[in-house]
Engineer: 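Let me give you the structure first, and then I'll get to my questions.
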Amino acid sequence: MTAATYQYVDLPDASVVATRALLTARENIGDTVAARAMMCIHGGAGFGKTLAVNTCLRALEPAGEDVRKVTFRARPTARAVRYELFTALDLAGEPPRHPSEFDRLLKTALAERPRTFLVDEAQWLNGEAFEYFRYLWDEPATQLAIIFVGGEGCYRVLRREPMLSSRIFIWQHFTRLTPSEVLEAIPLFHPIWADAAPDDITFADSHAAHGNFRAWAQLTAHVRTALARTGRPRVDQELLRWAFSRLA
């Protein structure tokens with residue numbers, strides 16, 4: 001994972017930390033792909049879901065797994081899902097106009113070889129969109145594994161649809177880092193925390209980050225700036241308070 005894409009913050013020297021949730025996701029995703037099944041990873045914003053899944057799926061690619069990603073930013077219709085899949089599969093030519101023809105094209109493409117789809121921001125999907133993914137997955141000739149990743153809305157919609165919910169192979173709920181996990185993970189996350197006092201890390205978590213990895217990334221970016229401007233050798237609470245003042 002490049003530092004520039006770590007939780008949407010330009011953060012040089014950041015590392016992906018093998019938290020308990022990430023290690024669990026690695027095992028769950030591996031089992032889901034092997035079974036050509038569907039799974040749902042859900043949880044609050046900034047808890048590291050997408051980062052963990054991208055990291056785990058990238059580890060599968062050297063073994064020849066064909067991983068494709070689709071992301072939704074608004075509630076899509078089945079028609080919109082078709083077009084997203086057409087683009088994600090790099091299919092040639094123009095998309096078919098008629099749904100039945102479009103469906104045949106996608107099923108043919110998906111039957112060519114095993115594939116894994118990461119469906120990110122899946123909280124935007126409604127029952128119709130989820131149902132279309134189920135329709136393709138149920139086709140005997142397709143060899144699909146599907147990883148749905150999204151907020152709690154993703155979980156609620158899937159659980160409301162018995163035909164979908166019953167087909168989810170694994171559910172994984174991402175939560176905030178616990179205080180003890182923060183003390184284990186954050187010194188590994190970025191060098192500025194490596195020699196920070198545990199009390200200062202706890203102070204930063206309780207006042208600003210609250211076990212949220214995205215919040216830790218934002219806080220770390222501001223603390224890096226403060227260290228560079230003041231010339232201080234390490235984090236302290238006065239410096240942290242200045243960083244807090246920049247956060248909502």
Side-chain angles (χ1 to χ4, degrees), residues 1-8 14-19 21-43 47-73 76 78 80-92 95 102-103 105-125 129-151 154-155 158 164 167-174 213-214:
M1 187 72 178
T2 60
T5 59
Y6 199 107
Q7 294 290 1
Y8 312 107
S15 299
V16 175
V17 182
T19 61
L22 186 147
L23 293 174
T24 301
R26 181 180 298 165
E27 181 177 280
N28 288 342
I29 289 169
D31 290 345
T32 298
V33 171
R36 294 293 147 195
M38 294 191 287
M39 74 172 289
C40 174
I41 291 181
H42 61 101
F47 290 176
K49 303 180 299 297
T50 298
L51 178 70
V53 173
N54 283 330
T55 300
C56 296
L57 288 175
R58 236 187 334 264
L60 298 175
E61 290 176 350
E65 184 64 30
D66 186 354
V67 178
R68 305 297 173 111
K69 179 178 179 179
V70 290
T71 303
F72 298 98
R73 302 296 182 187
V81 173
R82 289 185 182 98
Y83 278 89
E84 286 292 333
L85 294 175
F86 182 91
T87 300
L89 290 167
D90 298 320
L91 297 179
F102 214 148
D103 292 346
L105 175 67
L106 291 175
K107 287 180 180 180
T108 299
L110 292 171
E112 291 174 351
R113 58 183 175 277
R115 285 190 172 92
T116 294
F117 269 99
L118 164 58
V119 183
D120 202 8
E121 301 293 347
Q123 70 272 9
W124 289 107
L125 300 183
F130 276 122
E131 174 62 23
Y132 190 73
F133 280 106
R134 183 204 64 78
Y135 165 73
L136 294 175
W137 181 81
D138 271 352
E139 172 64 32
T142 62
Q143 304 175 69
L144 273 178
I146 303 177
I147 317 295
F148 295 112
V149 181
C154 167
Y155 174 82
L158 278 171
L164 291 164
R167 286 167 168 78
I168 298 299
F169 186 55
I170 295 175
W171 302 85
Q172 182 176 349
H173 187 206
F174 267 63
F213 243 123
R214 188 176 302 165

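The basis for the numbers below is simple: all heavy atoms, side chains too, and nothing from hydrogens, waters or symmetry mates.
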Engineer: Is any side-chain heavy atom of Val67 less than 4.5 Å from a side-chain heavy atom of Phe117?
Structural biologist: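 Answer no - side chains too far apart.
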Engineer: Please lay out, stage by stage, how Leu22 and Val17 fare under the test side-chain contact (heavy atoms from CB on, under 4.5 Å).
Structural biologist: CA-CA 8 Å; Leu22 186 147; Val17 182; over 6 Å; no
Engineer: Let me confirm one number: the CG-CG distance from Leu91 to Leu106, rounded to the nearest 0.5 Å.
Structural biologist: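 Output value for this atom pair is 6.5 Å.
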Engineer: Determine the sole option in Phe148, Tyr155, Phe174 for which the ring-ring contact (aromatic ring centres under 6.0 Å, His included) test with His42 is passed.
Structural biologist: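 Of all the options given, the one that passes is Tyr155.
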Engineer: Output yes when a side-chain donor or acceptor of Trp137 lies under 3.5 Å from a complementary backbone atom of Arg36, and no otherwise.
Structural biologist: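 Side chain of Trp137 to backbone of Arg36: a pair is present.
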Engineer: Under the side chain to side chain contact (heavy atoms under 4.5 Å, CB included) rule, collect the residues that match up with Thr24, sequence neighbours excluded.
Structural biologist: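 Side chain to side chain contact (heavy atoms under 4.5 Å, CB included) list for Thr24, sorted by chain: Arg20, Asn28, Gln172.
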Engineer: With a 4.5 Å cut-off on side-chain heavy atoms, are Thr32 and Met38 touching?
Structural biologist: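 Met38 vs Thr32: side chains apart.
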Engineer: What do you reckon, is CD of Glu112 surrounded by more than 12 foreign heavy atoms closer than 6.0 Å?
Structural biologist: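 Count over threshold, so yes.
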Engineer: In sequence, state the C-alpha distance, the side-chain angles, and the governing distance for Asp103 and Arg82, and then conclude on side-chain contact (heavy atoms from CB on, under 4.5 Å).
Structural biologist: CA-CA 8 Å; Asp103 292 346; Arg82 289 185 182 98; 2.8 Å; yes
Engineer: Short question: side chain of Thr142, backbone of Leu136 - any donor-acceptor pair under 3.5 Å?
Structural biologist: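 Checking the backbone N and O of Leu136 against the side chain of Thr142, a donor-acceptor pair under 3.5 Å is found.
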Engineer: To the nearest 0.5 angstrom, please state how far the CG atom of Leu57 sits from the CZ atom of Arg68.
Structural biologist: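 Reported value, rounded in 0.5 Å steps: 13.0 Å.
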Engineer: Is there side-chain contact between Leu125 and Phe72, with heavy atoms separated by less than 4.5 Å?
Structural biologist: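 They are in contact (side-chain heavy atoms under 4.5 Å apart), so the answer is yes.
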Engineer: Would you say the side chains of Glu65 and Thr116 form a donor-acceptor pair under 3.5 Å?
Structural biologist: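 Per modelled atom types, Glu65 and Thr116 side chains form a pair under 3.5 Å.
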Engineer: Side-chain contact test, heavy atoms from C-beta onward, threshold under 4.5 Å: evaluate it for Ile41 versus Ile170 and give yes or no.
Structural biologist: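 A side-chain contact is absent here, since even the closest heavy-atom pair is not under 4.5 Å.
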Engineer: Can you see which heavy atom on Val70 is nearest to which on Ala88, and at what distance?
Structural biologist: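 Looking at all heavy atoms of both residues, the closest pair is CG1-CB, 3.6 Å.
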Engineer: Before giving the answer on side-chain contact (heavy atoms from CB on, under 4.5 Å), spell out for Val119 and Val149 the whole-Å C-alpha distance, their side-chain angles and the decisive distance to 0.1 Å.
Structural biologist: CA-CA 6 Å; Val119 183; Val149 181; over 6 Å; no
Engineer: Would the distance check show the side chain of Arg115 and the main-chain N or O of Leu144 forming a donor-acceptor pair, the cut-off being under 3.5 Å?
Structural biologist: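 Checking the backbone N and O of Leu144 against the side chain of Arg115, no donor-acceptor pair under 3.5 Å is found.
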Engineer: State, with a plain yes or no, whether a side-chain heavy atom of Lys69 is found less than 4.5 Å away from one of Asn54.
Structural biologist: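 Contact flag for Lys69/Asn54 side chains = yes.
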Engineer: Hey, could you give me each pair passing ring pair (Phe, Tyr, Trp, His ring centres under 6.0 Å) that has a residue in residues 48-69? Not counting sequence neighbours.
Structural biologist: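 Residue pairs passing ring pair (Phe, Tyr, Trp, His ring centres under 6.0 Å), neighbours aside: none found.
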Engineer: Could you walk me through whether Phe130 and Phe133 pass the ring pair (Phe, Tyr, Trp, His ring centres under 6.0 Å) test, one step at a time?
Structural biologist: CA-CA 5 Å; Phe130 276 122; Phe133 280 106; 7.5 Å; no
Engineer: Once you round to the nearest 0.5 Å, how far does CE of Met39 lie from CG of Asp31?
Structural biologist: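 Between atom CE of Met39 and atom CG of Asp31 there are 9.0 Å.
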Engineer: With rounding to the nearest 0.5 Å, note down the distance linking CG in Leu60 to CG in Asp66.
Structural biologist: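 CG of Asp66 is found 11.5 Å from CG of Leu60.
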Engineer: Mind checking whether Tyr83 and Phe86 have ring centres under 6.0 Å apart?
Structural biologist: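 Aromatic pair excluded; centres sit 6.0 Å or further apart.
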Engineer: Looking at NZ of Lys49 and SG of Cys40, how far apart are the two atoms once the value is rounded to the nearest 0.5 Å?
Structural biologist: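 Between atom NZ of Lys49 and atom SG of Cys40 there are 10.0 Å.
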Engineer: Are any non-hydrogen side-chain atoms of Val53 and Leu118 less than 4.5 angstrom apart?
Structural biologist: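 Contact flag for Val53/Leu118 side chains = yes.
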Engineer: Donor-acceptor pair, distance only, cut-off 3.5 Å: does the side chain of Gln123 make one with the backbone of Gly151?
Structural biologist: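 Pair found, side chain donor or acceptor close to backbone of Gly151.
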